[in-house]
Structures are given as C-alpha cells and as structure tokens.
Amino acid sequence: MRYDFASRLVMRGVDLNTIREILGHSDIKITMRYAHLAPQKKRTKINMLD
C-alpha cells in the first residue's frame, strides 16, 4: 500500500521531498524510486527555458 500511495502522490504532482517526509524516508535516494512516475514534470521544467 505504501508504494501505491506514494505512486499516486507523484503522479498528482507532489514533490519528492514532501513524499520523503510523509513516508519517513531518512534518505531521498529511497524516495527516488518513484521519480520515474512523473516524467512530464521534467518536460515542464525544460519548457520553462523557452
């Protein structure tokens, strides 16, 4: 259930540091396993440069 919960948060745009705090991860590296679920966020940030 934790994976599903965290996955849904990422897909809704919650930042990884906030998710890290909610889940109680001591290291952001643990939370980074969810980063692949929000590839559109990368594109949004890159488009800000235009």
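In this structure, CD1 on I19 lies 8.5 Å from CD1 on I28, to the nearest 0.5 angstrom. Note that CG of L16 is 9.5 Å distant from CG of L37, once rounded to the nearest 0.5 Å.
Between the R33 side chain and the I30 main chain, a donor and an acceptor come within less than 3.5 Å of each other. In this structure, R20 contributes its side chain and D27 its backbone to no donor-acceptor pair below 3.5 Å.
Counted by atom type alone, D4 and S7 present zero donor-acceptor pairs between their side chains at under 3.5 Å.
Summarising the local packing, CE of M11 is surrounded by more than 12 heavy atoms from other residues, nucleotides or ligands at distances under 6.0 Å.
Each ring-ring contact (aromatic ring centres under 6.0 Å, His included) pair with one or both residues in residues 6-34, not counting sequence neighbours, appears once here: Y3-Y34.
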